[in-house]
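Contents: one structure, followed by commentary.
All heavy atoms count here, side chains included; hydrogens, waters and symmetry mates do not. Per chain, numbering begins at 1; letters A, B, ... match sequence-line order.
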Amino acid sequence: MYGLVDCNNFYASCERVFRPDLEGKPVAVLSNNDGCIIARSQEVKDLGVPMGAPMFKWKDTIEQQGIAVFSANSSLYGDLSSRVMNVLKDNCPTVEVYSIDEAFLDLSLIPRDQLGDYCAQLKSQVRKWTGIPVSIGVAPTKTLAKLANHIAKKNPKANGCWLLMGTEQKRLSSIEVGEVWGVGRRLSKRLNIAGINTVWQLSQMNKALARDMASVNMERTIRELNGEPCLALELTQQPRQRILVSRSFGHDVSSYNSLRAAIVTYATRAGEKLRKQDSHTQSISVFIHTNPFSDSAPQYKGSLEIPLDHPSNDPSVLANAASMGLKHIFKEGYSYKRGGVMLDQVLPKHVAQLCLFSARPEQHKLGGVLDAINAKMGSNAIRFAATDVGSEWQMNQNRRSPRYTTRWSDLKVVA
DNA sequence: TCTGGGGTCCTAGGACCC
DNA sequence: TCTGGGGTCCTAGGACCC
């Protein structure tokens with residue numbers, strides 16, 4: 001049996017942990033630049049505010065309803081996430097951390113008649129030790145466990161836990177097919193056209209037809225809905241094959257030097273991610289574009305991939321390559337709104353295709369030294385001078401809560 | 001008139017997830 | 001005025017190899 005533990009309205013719940021006065025009140029969390037609403041407490045969902053809603057379109061509702069709005073505080077969410085995961089790992093030997101707010105558990109060792117108590121106890125321990133409310137779904141496959149979790153959240157009688165076997169025709173007939181893990185907006189539409197509207201109908205669909213219609217994934221989904229496990233727990237974290245760092249700018253940027261400051265910052269951040277997973281990259285791509293939402297301003301998108309002679313994770317190599325790429329795609333006279341870098345050919349450090357025509361470069365220690373200093377003195381304590389140019393590109397974050405758990409200066413004071 | 005039978009690698013595009 | 005930021009996997013088609 002698999003369990004899926006999912007934190008309820010995770011970011012909104014994190015904000016409440018140190019602000020218990022917000023319990024029972026509407027809470028929303030914004031994306032970078034305070035642009036969109038990306039997390040909503042139940043009260044906000046009940047008000048009809050959709051996921052991803054642009055903030056400026058909902059200003060009136062926010063004011064009228066007294067919604068507490070926060071800028072994204074990723075250090076807080078990351079820290080509370082690892083606390084939740086640690087409680088799960090204390091209780092269960094086999095845990096797959098699936099995302100910042102979800103984990104699959106292997107519950108095959110728990111006797112069937114004790115599963116209910118086990119989940120209820122786990123749920124209350126997570127709440128008590130971390131302040132985060134969770135829901136737990138249990139089922140013979142991961143796909144069903146996801147669905148069970150959905151029921152645990154929606155059904156008031158569930159008490160936050162639900163067990164699902166996949167044979168419950170009546171219940172599965174009452175859930176829309178789009179709720180199934182792996183069935184997104186497009187597939188839902190196509191399935192609806194084919195007359196498949198509910199989870200139960202999908203579970204009864206012909207597997208070969210499904211494979212034809214979509215891909216082998218949909219066949220797996222159907223098998224999983226019927227209780228046949230096709231997806232195992234993934235217990236070791238695979239290194240990323242692609243690393244992307246991109247941001248919308250706080251304000252439009254038109255000067256080359258400011259743009260370069262942003263791009264070099266992103267390249268540096270990408271390098272940190274690369275070194276953290278002990279990888280290097282064979283190329284770095286740079287892209288910039290203007291604001292696609294603007295009707296009046298002229299539009300431009302530019303991108304370029306810079307191959308490296310040797311795979312590298314050296315910050316100066318990455319920064320130089322990124323600047324060089326930017327120089328080629330930059331065009332005077334546009335207002336840029338967003339830029340980023342992408343490392344597309346990421347390899348483990350011991351795998352390297354060397355260049356026939358040049359010697360293998362010396363391994364520099366710069367990256368490691370930078371990482372060590374920034375770990376000790378605070379991120380960005382040491383950085384490239386080129387990144388200190390201009391400030392238009394810096395992110396707007398006007399409503400961020402304190403980093404209660406990761407900064408001495410932000411510790412909550414009890415008077 | 002008739003034209004084999006295997007393969008691999010790469011890329012773009014589409015779909016999904018959080 | 002103001003619209004997020006990451007990721008993965010699959011398939012088809014083109015190009016190449018013997």
Checking all strands, does [X] fall into the base, sugar-phosphate, or nothing category for heavy-atom contacts under 4.0 angstrom?
X: A:Ile100; answer: nothing
X: A:Arg242; answer: base
X: A:Leu30; answer: nothing
X: A:Arg211; answer: nothing
X: A:Lys189; answer: nothing

Using 30° and 60° as the class boundaries, would you call the ring planes of [X] and [Y] parallel, tilted or perpendicular?
X: A:His289; Y: A:Phe287; value: parallel
X: A:Tyr256; Y: A:Phe330; value: perpendicular
X: A:Tyr98; Y: A:Phe104; value: perpendicular

### Query
With respect to the phosphate group of C:dC9, does any side-chain polar atom (N or O) of A:Gln241 fall under 4.0 Å of OP1 or OP2?
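It does, given that an N or O in the side chain of A:Gln241 lies less than 4.0 Å from OP1 or OP2 of C:dC9.
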
Tell me the interatomic distance from [X], atom [atom1], to [N], atom [atom2], rounded to whole angstroms.
X: A:Glu305; N: B:dA12; atom1: CD; atom2: C1'; value: 14 Å
X: A:Asp212; N: C:dT11; atom1: CG; atom2: P; value: 11 Å
X: A:Asp101; N: C:dG6; atom1: CG; atom2: P; value: 18 Å
X: A:Ile38; N: B:dC17; atom1: CD1; atom2: C1'; value: 15 Å
X: A:Phe287; N: C:dG6; atom1: CZ; atom2: P; value: 8 Å

#### Entry: Closest to the A:Asn217 side chain, choosing from C:dT8, C:dC10, C:dG4
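Of the candidates, C:dC10 comes closest.
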
### Task
Name the closest nucleotide to the A:Ser246 side chain, picking from C:dG6, C:dT3, C:dG4.
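In terms of side-chain proximity for A:Ser246, the closest of C:dG6, C:dT3, C:dG4 is C:dG6.
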
#### Entry: Pair assignment for C:dA15, Watson-Crick or G-U wobble, requiring both distances under 3.5 Å
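C:dA15 is paired with B:dT8.
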
### Message
Can you confirm whether or not the ring centre of A:Phe70 sits under 6.0 Å from the ring centre of A:Tyr11?
### Response
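Not under 6.0 Å, so no.
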
